[in-house]
Amino acid sequence: MDTQQFDLAVIGAGPGGYVAAIRGAQLGLKVACVERESQLGGTCLRIGCIPSKALLESSERFHEAHTGLAAHGIRTDRVELDLAAMLQRKDKVVQLLTRGIEGLFKKNHITRFTGTGKIAAGNTVVVEGGEQPSELRATHILIATGSRSAPLDGVELDGDRIGTSTEALSYPEVPEHLVVIGAGYIGLELGSVWRRLGAKVTVLEFLDRILPGMDAEIAGEAHKIFQKQGIGFHLGCRVTAARANDGHCVVEAEGLAPIRCDRVLLAVGRVPNTEGLGLHEAGVAIDARGRIEVDEYFATNVPGIYAIGDVIRGPMLAHKAEEEGVACVERLVTGHGHVDYATIPGVCYTHPEIASVGRTEEQLREAGIEYRKGVFPFLANGRARSLGETAGRVKLLADASTDRVLGVHILGPRAGDLIAEAVAAMAFGASSEDVARVCHAHPTLSEALKEAALAAGTGAIHA
Ligand code: FAD
Ligand code: AMP
């Protein structure tokens with residue numbers, strides 16, 4: 001077996017692993033990266049963030065051409081869907097980006113191994129299932145093996161009619177009736193895609209609200225908007241079974257009559273990929289939820305073995321994995337590395353988008369923290385009016401005594417981009433007055449954040 005020596009061996013080339021590999025190489029380490037798939041980029045690039053956003057964009061344009069352009073004085077006599085072309089475009093976007101990572105690996109002299117990585121004794125990673133078995137000896141091993149869709153008892157995934165987000169990114173025809181199990185961001189984003197393309201969409205959610213973890217008021221307003229878009233919801237409803245039979249499916253949920261549909265999307269969360277890695281044999285500790293246990297510097301209990309991204313605690317988000325990859329490697333090389341978990345944003349790319357950073361009102365109340373709240377509706381924002389996108393609002397929460405910004409929650413156009421200013425403000429410890437006194441270009445959507453900050457203090461100007 002071919003044996004090579006490295007400073008850093010990364011297992012998994014998702015946003016956690018590939019970013020860590022690049023940063024390590026930039027800092028002078030000799031780096032290897034093991035990935036079992038032929039495309040680099042992990043869940044995020046292949047079957048997650050990127051293809052879902054490509055389809056969200058295309059389906060939104062289709063929907064806009066159908067229903068939104070007339071208001072701008074644009075007549076479109078016939079709008080037709082070419083689903084095959086839409087799916088091909090999505091695949092092309094994925095291909096270009098995954099090839100881009102290959103290019104970055106070459107540029108940074110990172111040695112790539114295609115195959116399944118398994119940790120063996122003495123800081124060794126064995127690569128199997130690729131072109132030729134290899135053995136990598138490494139001073140540091142970084143596990144970045146990510147996650148996969150969580151199964152649900154009674155739901156029989158058949159990889160076709162009853163599937164996960166992966167199948168929902170490539171349905172060959174628009175479903176007549178799609179049932180989505182789980183009202184988290186993945187279920188809502190992909191449910192929105194197929195609704196816009198013409199499917200009847202029904203979302204079944206166990207809790208009595210959508211988007212658990214997001215600010216309840218903002219999620220409640222979003223729920224009403226999604227209902228107006230024609231998405232059906234059954235909240236407080238536990239799905240117990242789903243079966244495919246003869247080209248259709250039946251979904252059973254407590255308190256509901258069985259639902260007949262032609263596709264089911266299971267989106268009830270994700271579970272970490274820890275199987276087959278040799279963790280038990282290596283003595284690496286796993287927590288009660290199956291995640292690899294790490295300390296604040298991403299070190300496991302076994303010296304020389306580290307873990308980041310979806311396979312450890314914290315929000316399962318690509319940018320969180322990236323931050324951890326950089327911090328982990330920088331700490332190994334320079335002795336310093338840090339992730340500010342209080343300012344990791346979360347975005348749901350529906351229409352309108354929902355974006356959030358910091359604490360929700362519920363969390364502040366639960367912690368007994370006194371806060372002031374500033375709200376500004378997009379209805380009163382000039383740019384939102386010009387765009388014809390007036391649904392939603394910005395909500396800013398500031399500490400009642402220090403005025404420090406504690407959380408910002410946005411429902412509205414381009415919320416995912418707008419939240420960046422709130423993240424920067426919070427990262428620098430800004431007060432709501434700081435945000436309110438910063439000059440914002442007019443007319444922009446960003447003025448809504450300034451106005452919400454004003455509303456938290458002496459009062460918004462335009463509301
Ligand atoms: P992953 O991206 O899962 O990468 C892990 C890699 O390790 C994979 O390529 C896997 O093949 C490889 N691997 C696993 N085991 C082995 C092994 N033994 N040997 C070799 N290779 C191995 N997050 C966002 O921030 N924004 C979004 O908009 C967003 N949208 C999403 C949409 C969908 C439909 C899904 C499913 C996820 C989305 N996510 C989004 C979540 C995001 O994709 C993950 O949080 C992110 O990919 C985690 O990165 P990671 O590097 O930890 O793991
Ligand atoms: P997320 O973890 O953000 O991807 O969201 C998954 C959603 O699925 C959560 O809102 C869960 O409450 C929901 N969920 C989990 N189990 C069930 C179930 N049996 N039936 C319906 N919804 C569920």
Side-chain angles (χ1 to χ4, degrees), residues 10-20 33-53 55-56 98 113-119 125-130 143-150 152-155 164-166 168-169 180-190 193 203-214 234-242 251 253-254 265-279 307-312 314-322 324-325 344-349 416:
V10 182
I11 308 178
Y18 86 72
V19 167
C33 185
V34 185
E35 170 58 55
R36 62 187 177 194
E37 300 288 339
S38 57
Q39 284 180 316
L40 298 174
T43 303
C44 171
L45 267 71
R46 289 188 305 105
I47 48 169
C49 324
I50 297 301
S52 59
K53 266 81 259 181
L55 283 186
L56 279 158
T98 57
F113 291 85
T114 304
T116 302
K118 181 175 177 184
I119 297 173
V125 176
V126 176
V127 185
E128 288 167 345
I143 304 168
T145 48
S147 64
R148 62 185 184 281
S149 294
L152 185 65
D153 283 347
V155 175
T164 65
S165 50
T166 304
L169 290 166
V180 179
I181 309 174
Y185 78 92
I186 292 178
L188 292 175
E189 287 183 4
L190 290 170
V193 164
V203 179
L204 307 179
E205 167 57 49
F206 173 66
L207 300 174
D208 60 1
R209 55 163 293 178
I210 66 167
L211 292 169
M214 284 239 178
H234 292 283
L235 302 183
C237 150
R238 196 171 74 88
V239 172
T240 52
V251 182
E254 282 169 5
L265 160 57
L266 179 66
V268 293
R270 298 184 59 80
V271 288
N273 288 328
T274 51
E275 294 76 17
L277 272 169
L279 298 182
I308 54 161
D310 280 10
V311 82
I312 66 166
M316 286 181 161
L317 293 169
H319 42 282
K320 175 260 192 189
E322 291 186 29
E324 290 179 339
I344 294 179
V347 181
C348 176
Y349 296 84

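What you see is a predicted model; the values in this text were computed from it and never measured. Just follow the structure's listing: the first ligand is 1, and inside any ligand the first atom is 1.
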Nearest to [atom] by heavy atom, [options]: which?
| atom | options | value |
| --- | --- | --- |
| atom 15 (N) of ligand 1 | Ile186, Thr145, Thr43 | Thr145 |
| atom 34 (C) of ligand 1 | Ser165, Pro51, Gly117 | Ser165 |
| atom 1 (P) of ligand 2 | Ala253, Cys237, Gly184 | Gly184 |
| atom 5 (C) of ligand 1 | Ala144, Gly278, Gly416 | Ala144 |
| atom 40 (C) of ligand 1 | Cys49, Gly17, Gly42, Gly309 | Cys49 |
| atom 46 (C) of ligand 1 | Pro15, Gly146, Ala13 | Pro15 |

Can you tell me which portion of Ser147 lies within the under-4.0 Å heavy-atom range of ligand 1? Options are side chain, backbone, both, or neither.
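Contact part for Ser147 vs ligand 1: backbone (N, CA, C, O).
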Whether Glu275 and Arg148 form a salt bridge (side-chain N of Lys/Arg under 4.0 Å from carboxylate O of Asp/Glu) is what I want to check.
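Looking at Glu275 together with Arg148, the answer is yes, because their closest N to O distance falls below 4.0 Å.
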Once you round to the nearest 0.5 Å, how far does CE of Met316 lie from CG of Asp310?
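Met316 atom CE to Asp310 atom CG measures 4.5 Å (nearest 0.5 Å).
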To the nearest 0.5 Å, how far apart are CG in Leu152 and OG1 in Thr240?
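Spacing of CG (Leu152) from OG1 (Thr240) equals 8.5 Å.
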Heavy-atom side-chain proximity of [X] to [Y] below 4.5 angstrom:
| X | Y | result |
| --- | --- | --- |
| Val155 | Val268 | no |
| Ile47 | Ser165 | no |
| Leu317 | Tyr185 | yes |
| Cys348 | Glu189 | yes |
| Val251 | Val239 | yes |
| Thr274 | Thr145 | no |
| Leu40 | Tyr18 | no |
| Leu235 | Ile210 | yes |

Do Arg36 and Asn273 pass the side-chain contact (heavy atoms from CB on, under 4.5 Å) test, and can you show the C-alpha distance, the side-chain angles, and the key distance before you say yes or no?
CA-CA 13 Å; Arg36 62 187 177 194; Asn273 288 328; 3.9 Å; yes
Check: Glu324 side chain, Gly309 main-chain N or O, donor-acceptor pair, under 3.5 Å
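Checking the backbone N and O of Gly309 against the side chain of Glu324, a donor-acceptor pair under 3.5 Å is found.
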For the backbone of Thr98 and the side chain of Gln39, can you confirm whether one donor and one acceptor N or O come within less than 3.5 Å of each other?
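Checking the backbone N and O of Thr98 against the side chain of Gln39, no donor-acceptor pair under 3.5 Å is found.
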Heavy-atom nearest neighbour in the protein, as seen from [atom], with distance rounded to 0.1 Å:
| atom | result |
| --- | --- |
| atom 9 (O) of ligand 1 | Glu35 OE1, 2.6 Å |
| atom 2 (O) of ligand 2 | Gly269 CA, 3.6 Å |
| atom 52 (O) of ligand 1 | Asp310 N, 2.9 Å |
| atom 22 (N) of ligand 2 | Phe206 N, 3.1 Å |
| atom 20 (N) of ligand 2 | Val239 N, 3.0 Å |
| atom 32 (C) of ligand 1 | Gly48 C, 3.4 Å |
| atom 7 (O) of ligand 1 | Gly12 CA, 3.2 Å |
| atom 10 (O) of ligand 2 | Glu205 OE1, 2.7 Å |
| atom 4 (O) of ligand 1 | Gly14 CA, 3.4 Å |
| atom 16 (N) of ligand 2 | Val268 CG1, 3.7 Å |
| atom 51 (O) of ligand 1 | Gly16 N, 2.9 Å |

Can you find a non-hydrogen atom of [X] under 4.0 Å from ligand 1?
| X | result |
| --- | --- |
| Arg270 | yes |
| Leu40 | no |
| Lys53 | yes |
| Gly115 | yes |

Within the 4.0 Å heavy-atom shell around [X], which atoms of ligand 1 are there?
| X | result |
| --- | --- |
| Tyr349 | 28 (O) |
| Val34 | 20 (C), 21 (N) |
| Ser52 | 32 (C) |
| Met316 | 41 (C), 45 (O) |
| Cys44 | 2 (O), 43 (O), 47 (O) |
| Leu277 | 18 (N) |

Can you name the nearest heavy-atom pair linking Val271 to Ala150, along with the distance?
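Closest approach of Val271 to Ala150, heavy atoms only: CG1-CB, 3.9 Å.
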Nearest heavy atoms of Cys49 and Ser52, plus distance in Å:
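The answer is O-OG, 3.0 Å.
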Within-cut-off N or O pair, [X] and ligand 1, under 3.5 Å:
| X | answer |
| --- | --- |
| Ile47 | no |
| Glu37 | no |
| Ala318 | yes |
| Leu317 | yes |
| Gly41 | no |
| Tyr185 | yes |
| Arg36 | yes |

Which ligand 2 atoms are under 4.0 Å away from a heavy-atom of [X]?
| X | result |
| --- | --- |
| Leu204 | 21 (C), 22 (N) |
| Ala267 | 6 (C), 7 (C), 8 (O) |
| Gly182 | 7 (C), 8 (O), 13 (C) |
| Pro212 | 9 (C), 10 (O) |
| Arg238 | 19 (N), 20 (N) |

side-chain contact (heavy atoms from CB on, under 4.5 Å) between Leu279 and Ile119, worked out:
CA-CA 7 Å; Leu279 298 182; Ile119 297 173; 4.2 Å; yes
Test side-chain contact (heavy atoms from CB on, under 4.5 Å) on Lys320 and Ile312; report intermediate values, then the result.
CA-CA 11 Å; Lys320 175 260 192 189; Ile312 66 166; 3.7 Å; yes
Heavy atom of Leu207 under 4.0 Å from ligand 2?
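Yes; Leu207 lies near enough to ligand 2 that a heavy-atom distance drops under 4.0 Å.
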